[in-house]
Amino acid sequence: MPPEDALKALHAGRAYHGWPHVEALLALWREYAGALHDAEAVRLAILFHDAVYDPRRSDNERASAALLREWMAGTVPAARLEAAAAMVLATERHAVPENLPPELAADTASFLDMDLSILGAEPARFEDYDRAIRQEYAHVPAEAYRTGRAAVLRRLLARDPIFLTAPFRARFEDAARRNLQAALTRFESPQGPSMPDYNTVTVPAPALEDMIRGIFLAIGCDDGEAGDIASHLVGSNLAGHDSHGVVRVPRYVDWHKAGYLHAGRKPEVVTDGGAFLLLDAQFGFGHAVTKQGVAMGIARAKQHGAAVVALRNSGHCGRIGTYAEQALAENLISIHFVNVAGSFLVAPYGGVDRRFSTAPIAIGVPLEGRPVVLDFATSLVAEGKVLVASNGGKPLPPDALIEPDGRFSGDPHTLYGEYPQVGARIPGNGPGAIRAFGDHKGSGLALMCELLAGAFTGGGTSGPRDQRGCITNGLLSIYLSPAHFGTEAEFQRMGQEYLEWVAGSRPIDPASPVMLPGEPEKRSREKRLREGLPLPADIWEDLRRTATTLGVAVPAV
């Protein structure tokens with residue numbers, strides 16, 4: 001047998017489907033073992049039936065059965081192992097498959113009844129179970145959960161009987177029907193049960209920024225660098241781009257510890273051609289070194305009217321729109337092509353193997369009163385959005401990812417493989433890839449980002465590499481000064497008239513007028529500054545652990 005600690009670790013961090021659930025079933029098993037044909041097979045099924053459990057996955061039962069076979073192969077008779085695996089697989093539909101031999105079918109029925117025994121618990125314990133299930137599905141919006149859970153309760157009540165064996169029917173059937181009906185009544189009431197849209201905590205932006213700044217001070221950044229990193233990350237959350245916000249802090253800390261990122265680095269000038277620069281960021285923290293590189297590009301554009309700055313070997317530089325906004329503040333147009341050297345996450349159009357990074361592009365246009373900031377990854381979703389979804393945040397579109405066999409997926413495990421509820425996600429561990437947006441169009445833009453920001457800068461492209469390891473950003477940025485071109489007045493007049501015309505298009509939904517790039521971020525910033533930053537509880541717990549480990553004060557929430 002595998003050590004109990006290893007089995008317990010598989011069940012850690014779950015509200016209901018954790019080790020206490022296994023222990024409750026083992027207590028029932030001890031009561032009924034004498035009536036079972038192969039009690040040891042049933043015990044194995046109990047131990048492993050929730051070994052893999054993630055409510056976002058659709059293959060938990062198959063994965064649990066596979067793990068049972070892997071861990072127990074050679075330690076128990078093959079027939080017993082397959083009997084236990086068949087019982088685990090039966091939990092997918094909570095029904096006894098028709099093709100099972102009679103003795104195995106009888107044991108499977110007893111095992112399934114043990115698994116559903118919580119339905120017939122005393123009312124207070126049943127309500128605790130019902131709340132715990134909601135907690136495990138905290139990533140599902142409240143109304144969707146209410147509808148889905150009510151449907152599950154109706155299906156259970158429609159079973160006649162609920163329990164498959166006479167002993168369990170006699171012991172639990174009546175109480176189970178009372179509990180299920182009471183729960184269904186709560187879910188079908190106009191008010192519904194009390195539940196949040198997401199399992200979130202809300203943190204005031206200043207308090208969160210202070211904590212993040214403290215984390216980077218603690219690992220060796222000076223005050224200015226730590227402030228730049230914290231301001232950028234919290235600013236990304238304020239803008240509604242949680243994928244490039246504080247969710248990434250634990251990963252940056254790990255990269256620094258591994259020697260992939262270095263505090264205190266400055267952009268080194270490799271080539272200076274006056275109106276063009278090649279800079280090497282020397283594997284510094286990207287938010288700080290990129291901000292400095294952008295400042296150098298702004299200065300050159302103000303001097304020459306236009307400037308091109310190539311930056312290579314930067315640590316992850318975050319939300320690229322931030323740098324377009326930095327140039328906007330100086331009344332400059334800017335265009336940024338970005339790649340991630342060493343990061344192959346995205347499949348090209350027509351393929352399933354990873355070849356591109358998420359390769360973002362940002363453009364800023366400084367029109368008075370209505371500046372425009374376009375900022376997007378050339379992948380259908382940024383990797384950070386997969387990261388947020390895996391931590392209980394907004395779910396992915398069902399076609400955001402692609403499996404090796406070409407099937408589309410919205411499951412973060414496609415990219416990360418197995419991962420704990422709270423902790424690191426490793427993009428190289430999953431079998432699949434992110435899809436490019438817009439089919440061949442996004443795929444073509446990603447290719448150009450790799451060639452311009454990766455190959456042209458000399459910082460490197462996403463691949464080919466044997467495996468994903470240390471990653472760096474490359475940027476090719478173009479800065480233009482409307483004042484130097486002599487068209488500033490016309491630019492402002494024509495540009496503002498055009499924006500008004502575009503935004504005035506009759507909306508599909510009268511309640512949702514057409515929005516221009518940058519306007520959703522503005523609205524989000526105003527709302528979140530006023531109400532605080534919502535963070536999925538798993539992300540907050542990861543941040544709290546990181547801060548506590550480094551001796552950094554954590555704000556009360």
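Note that the coordinates shown come from a computational prediction; the quantities given were computed from them, not determined experimentally. Count residues from 1 along the sequence.
- D107 places no side-chain N or O within donor-acceptor distance of the main-chain N or O of A39, the cut-off being under 3.5 Å.
- Salt-bridge formation is not detected for the pair E173/R169: no Lys NZ or Arg NE/NH1/NH2 atom is positioned less than 4.0 Å from an Asp or Glu carboxylate oxygen.
- Put simply, the side chain of N339 never gets that close to the backbone of A359: no donor and acceptor are under 3.5 Å apart.
- Taking the six-membered ring for Trp, H49 and H17 have ring centres at least 6.0 Å apart.
- Formation of a donor-acceptor pair under 3.5 Å by the R251 side chain with backbone atoms of V247 is not found in this model.
- At least one donor-acceptor pair under 3.5 Å links the side chain of R425 to the backbone N or O of S390.
- With T358 contributing its side chain and S379 its backbone, the two residues share no donor-acceptor pair below 3.5 Å.
- Classification of R131 and D128 as a salt-bridged pair holds, one side-chain N sitting under 4.0 Å from a carboxylate O.
- Using a distance-only test at 3.5 Å, with no hydrogens or angles considered, a donor-acceptor pair links the side chain of N60 to the main chain of D54.
- Geometrically, R149 does not engage Y137 in a cation-pi contact, judged by NZ or CZ lying under 6.0 Å from the ring centre and within 45° of the ring axis.
- Applying the salt bridge (Lys or Arg N to Asp or Glu O under 4.0 Å) rule to D242 yields the partners R528; only residues at least two apart in sequence or on another chain are considered.
- The minimum heavy-atom distance linking A51 with L67 is given by the pair CB-CD2, 3.8 Å.
- A side-chain donor-acceptor contact under 3.5 Å links D38 to the backbone of A41.
- Across all non-hydrogen atoms, the minimal contact from P395 to A389 is CA-CB, 4.3 Å.
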I'd like to know whether Y53 forms a side-chain hydrogen bond (donor to acceptor under 3.5 Å, both in side chains) with E61, so could you lay out the CA-CA distance, the side-chain angles of the two residues, the decisive distance to 0.1 Å, and finally the verdict. CA-CA 8 Å; Y53 177 79; E61 296 81 9; over 6 Å; no
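- Ring pair F437/F376 is perpendicular by interplanar angle, where above 60° counts as perpendicular and below 30° as parallel.
- Here H287 and Y252 bring their ring centres to under 6.0 angstrom of each other.
- Panel note: side chain R93, backbone L89; no donor-acceptor pair is recorded below 3.5 Å.
- Taking 4.0 Å as the cut-off between side-chain N and carboxylate O, R56 and D411 do not count as a salt-bridged pair.
- Using bins of under 30°, 30° to 60° and over 60° for the plane-to-plane angle, the ring pair Y129/F126 lands in the tilted bin.
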Side chain to side chain contact (heavy atoms under 4.5 Å, CB included) assessment of L401 paired with F408: CA-CA 6 Å; L401 311 176; F408 294 163; over 6 Å; no
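- Y145 carries R134 over the face of its six-membered ring, with the cationic atom under 6.0 Å from the centre and within 45° of the normal.
- When every heavy atom of R354 is checked against every heavy atom of G432, the shortest pair comes out as NE-O, 2.7 Å.
- In terms of modelled atom types and a separation under 3.5 Å, the side chain of T75 and the main chain of M72 share a donor-acceptor contact.
- Contact record, A446 with F356: CB-CD1, 3.6 Å, taken as the closest heavy-atom pair.
- Ring geometry for H413 versus Y419: interplanar angle under 30°, hence parallel rather than tilted (30 to 60°).
- Under the 3.5 Å distance criterion, the side-chain polar atoms of R435 are left unmatched by any main-chain donor or acceptor of L380.
- Under the side chain to side chain donor-acceptor pair (under 3.5 Å) criterion, T91 pairs with no residue at all, not counting sequence neighbours.
- Side chain to side chain, T414 and S409 meet the donor-acceptor criterion of an N or O pair below 3.5 Å.
- Put simply, CG on D115 and CD1 on I46 are 8.5 Å apart, with the number rounded to the nearest 0.5 Å.
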Can you list the steps and then say if H11 with D50 is a side-chain hydrogen bond (donor to acceptor under 3.5 Å, both in side chains)? CA-CA 8 Å; H11 292 76; D50 285 330; 5.8 Å; no
